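Report on the structure given below.
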Amino acid sequence: MNNRIFAYIMMGGLASCLASCHDDNEPVETSKLEAEYIGTRVGNFDASEWYPGGELGTTNNVGSGCYEDETEAVNNQGLLTQFNLGEAMFERNFTIGTAPFMGLGPAYLRSSCLDCHPGYGHGKRQMNYKATYSNGYLLAIYHPNADNSDNPDGTESNCGAYISEVTGMPQTMATAPFLPPIDDEQIKIEWKTVTAMQSGLPMQFPDGEKYELIYPEVTIPTTAFNTKPQPSNIAVRLESTIGVIGTGLIDAIPQDSIIAQYENEAAHAKLNPAFWNAETKTMADGAWYKFSVPGHSASGKAIDKLLKRYTYALTRASLQDGPGANAVWNITNVSRSDRHFLYSTLAWADAMAENSSVISSIKSNPSSPYYADGTETGIADAVKNLLSPNTDQMNNKWHNFEQEMSDNNFYAFMVWHRGLAIPRARNLNDKDVQRGKELFAQMRCTACHRPKWTTGDDDYWVSDNIKGRPLPKYPHQTIYPYSDFIQHRLFMVNDIHGSWCRTTPLWGRGLSLTNTGAEDRLHDCRARNEVEAIMWHAYSKNSDAYFSASQFYNLSKKDRDAVVKFLRSI
């Protein structure tokens with residue numbers, strides 16, 4: 001834990017004492033101590049913008065480790081002990097049989113959450129796919145659409161259904177004696193350099209400064225798949241994990257507010273038809289998430305569905321049945337009371353049941369849970385049934401798995417996940433940062449990266465297995481995530497699977513280097529800094545953000561630097 005509270009009191013107190021010494025409308029000199037201005041209105045920044053997560057969701061710590069801080073709500077609600085236990089669940093390696101971090105597999109993606117989220121932040125760009133610490137890459141493996149109709153430039157389709165032979169988040173690791181569904185040694189990542197922008201913009205700014213754009217090309221041969229059958233006609237895209245900070249605050253935004261954002265944007269932009277019906281001007285069926293496990297609101301109200309707001313593909317609606325709650329189950333394949341079944345596929349189970357080395361290894365170990373009657377036929381039957389996915393556990397003799405993660409530990413994990421703070425904004429008293437904010441709005445970047453939201457009553461949804469136990473709440477907070485929580489398309493080369501991608505929140509990202517050792521941005525870490533990220537928005541004239549990015553392209557060097565400084569300050 002960081003000494004956040006002490007720093008908050010000291011810095012906030014100093015700011016309060018010194019704030020009376022100057023007029024809010026007086027020009028701010030960047031040479032003055034920042035502490036004089038924290039919590040006050042400066043230039044074109046409101047006082048509340050110093051605290052992007054509001055009073056209940058911001059940490060005043062802006063140094064190394066600030067992504068790990070708990071929110072003020074955690075302390076106010078007396079949840080620090082549970083928060084610390086949840087942090088351990090996030091950071092520790094899960095194993096086959098050592099409680100409380102037991103389970104793991106038999107097929108899995110990583111042995112700990114921290115492996116994918118270095119320093120609690122965005123994954124780092126990798127040269128190899130091998131699952132190691134700081135590699136937040138996940139594979140999107142799909143059958144590309146044949147006609148390429150989804151790509152205006154006629155390039156290979158990046159849309160199509162996921163293959164069924166491996167899980168939706170494909171596993172590349174397994175416990176002995178099994179082989180992983182995909183052999184990651186055979187996955188190849190080649191980083192390529194853009195030689196020309198499809199939009200026609202030169203690879204240097206008008207003042208002569210050059211920029212470079214790179215992108216990954218991923219190939220997986222048929223021989224890498226330990227499945228029956230092995231998939232064919234596939235395409236692959238990389239997706240990296242996003243930071244986990246502030247996700248509880250996003251959960252507290254009223255869905256009516258997000259629906260209103262759809263209505264406003266639909267008046268002048270094309271939105272994903274899976275989420276917005278342009279004819280009826282209403283939310284489409286695909287925008288709603290029906291919960292995978294039983295649950296209610298914190299106040300006990302029955303909730304059948306909620307508007308999706310999480311993940312690049314907008315697949316989840318609530319943090320409590322969202323990325324973290326799901327990932328702590330399927331990344332490690334650790335069962336719990338609301339998910340007794342394995343995250344696996346029948347194609348992998350069939351392949352392992354017919355693998356001679358797997359069968360012989362189990363046959364030599366009578367204590368194995370797959371040993372059955374000790375015959376090769378009996379072992380193969382046990383392997384096939386135990387490894388196959390089956391949600392009807394109680395009616396299947398093979399799938400009566402014991403609960404590996406206790407409800408108490410899952411509850412602590414959710415306290416931690418919902419209780420992660422956003423670091424305070426920095427340098428808002430700097431004239432260059434103020435200029436950067438002005439330009440960000442002038443370029444209409446705020447059309448998608450909406451700065452400001454207000455949370456509601458925060459009557460959050462929660463699964464029944466932890467019902468009745470409080471989670472950190474963020475009612476009626478003014479927050480600055482810089483996202484509209486709607487999907488848009490950039491039409492980048494080797495673009496994200498499905499083309500549509502949720503606008504990534506920008507808050508706290510300026511501290512990525514301090515916390516994770518890297519500044520990589522965009523869904524696959526192709527952008528190594530803010531300038532590259534912005535210019536990818538201008539790669540194609542079909543990009544929903546082409547206008548804004550082309551405006552950035554035509555700025556002076558001084559103004560481009562101001563925009564970058566602003567992005568690193570919020």
Side-chain angles (χ1 to χ4, degrees), residues 140 142 145 147-153 155 157-162 198-199 237 239 242 250-251 253-290 305-318 322-323 440-441 443-454 456 479-492 495-506 522-524 533-534 536-551:
Y142 59 99
N145 290 341
D147 60 3
N148 299 324
S149 58
D150 52 281
N151 284 8
D153 60 0
T155 57
S157 170
N158 60 329
C159 296
Y162 284 112
Q198 190 183 93
S199 62
R237 295 290 186 268
E239 291 182 11
I242 62 174
I250 295 171
D251 205 42
I253 298 172
Q255 68 177 18
D256 287 347
S257 297
I258 300 178
I259 291 173
Q261 183 70 17
Y262 273 91
E263 293 171 346
N264 291 336
E265 292 192 27
H268 56 78
K270 179 182 179 180
L271 303 182
N272 187 345
F275 290 83
W276 177 260
N277 189 318
E279 293 184 4
T280 62
K281 297 182 180 180
T282 58
M283 303 305 302
D285 289 344
W288 300 98
Y289 178 73
K290 295 182 179 180
K305 61 183 182 180
L306 283 177
L307 192 71
K308 297 173 181 175
R309 63 186 70 188
Y310 290 108
T311 75
Y312 297 122
L314 282 179
T315 56
R316 301 282 172 163
S318 167
F440 194 75
M443 296 184 297
R444 300 208 299 241
C445 301
T446 52
C448 298
H449 288 284
R450 171 179 166 174
K452 181 180 177 181
W453 293 83
T454 302
I479 63 175
Y480 295 86
Y482 281 86
S483 173
D484 58 1
F485 304 104
I486 294 175
Q487 289 184 319
H488 303 280
R489 292 183 293 181
L490 300 184
F491 294 106
M492 300 181 288
D495 206 353
I496 190 170
H497 172 251
S499 294
W500 297 93
C501 186
R502 186 198 72 162
T503 305
T504 299
L506 300 177
L522 299 184
H523 69 281
D524 54 10
I534 294 170
W536 268 117
H537 288 58
Y539 174 76
S540 168
K541 285 188 175 180
N542 293 306
S543 166
D544 291 344
Y546 176 75
F547 172 82
S548 297
S550 64
Q551 293 291 300

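In this text the structure is predicted, and so the values were computed from the model without any measurement. All values below were derived from every heavy atom in this structure, side-chain atoms included, with hydrogens, water molecules and symmetry-related copies excluded.
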Do any N or O atoms from the side chain of S540 and from the backbone of M492 form a donor-acceptor pair under 3.5 angstrom? no
For D544, what residues pass the side chain to side chain contact (heavy atoms under 4.5 Å, CB included) criterion, not counting sequence neighbours? H488, R489, W500
Kindly compute the distance separating CZ (F485) from SG (C448), expressed to the nearest 0.5 Å. 12.5 Å
Please report the closest heavy-atom contact between F275 and A287, naming both atoms and the distance. CD2-CA, 3.3 Å
For Q261 and D484, work out which heavy atoms get closest and say how close. NE2-CB, 3.7 Å
Could you check whether any side-chain N or O of R444 sits under 3.5 Å from a backbone N or O of T446, counting only pairs where one atom can act as donor and the other as acceptor? no
Let me confirm one number: the OG-OH distance from S199 to Y546, rounded to the nearest 0.5 Å. 4.5 Å
Pair up each side-chain donor or acceptor in residues 307-314 with any protein partner under 3.5 Å, not counting sequence neighbours, and list the distances.
unit_1 : atom_1 : unit_2 : atom_2 : d
K308   : NZ     : G286   : O      : 2.8
R309   : NH1    : I250   : O      : 2.8
R309   : NH1    : I253   : O      : 2.6
R309   : NH2    : I253   : O      : 3.2
Y310   : OH     : T247   : O      : 2.6
Y310   : OH     : D251   : N      : 3.0
T311   : OG1    : L314   : N      : 3.1
T311   : OG1    : T315   : N      : 3.0
T311   : OG1    : T315   : OG1    : 2.9
Y312   : OH     : S240   : O      : 2.7

As an exercise, state the distance from OG of S543 to CH2 of W536, rounded to the nearest 0.5 Å. 11.0 Å
Between S499 and D495, what is the shortest heavy-atom contact and its length? O-OD2, 4.2 Å
Are the side chains of L522 and H537 in touch, meaning some heavy atoms are under 4.5 Å apart? yes
Side-chain heavy-atom pair R502, I242 within 4.5 angstrom cut-off: yes
Is the shortest side-chain heavy-atom distance between P481 and W453 below 4.5 Å? yes
CD on Q487 to OG1 on T503, rounded to 0.5 Å: 9.0 Å
Listed partners of A284 passing side chain to side chain contact (heavy atoms under 4.5 Å, CB included), at least two apart: none
Heavy-atom side-chain contact between P505 and Y482 under 4.5 Å: no
Could you tell me whether a side-chain N or O of W288 sits under 3.5 Å from a main-chain N or O of A317, the two making a donor and an acceptor? no
With distance as the sole test, does S548 use its side chain to make a donor-acceptor pair with the main-chain N or O of M443 at under 3.5 Å? yes
Give the ring-plane orientation class for Y262 versus W276, where under 30° counts as parallel, over 60° as perpendicular and anything between as tilted. parallel
K305 side, atom NZ; D285 side, atom CG - distance, nearest 0.5 Å: 7.0 Å
Any idea which heavy atoms bring A140 and H497 closest together, and the distance? CB-CB, 4.0 Å
Tell me, do F440 and H449 make a side-chain contact under 4.5 Å, heavy atoms counted? yes
A538 and S550: which non-hydrogen atoms are nearest, and at how many Å? CB-N, 4.3 Å
Nearest heavy-atom approach of A545 to L490 is CB-CD2, 4.0 Å
How many angstroms lie between CG in D524 and CZ in R237, if you round to the nearest 0.5 Å? 9.5 Å
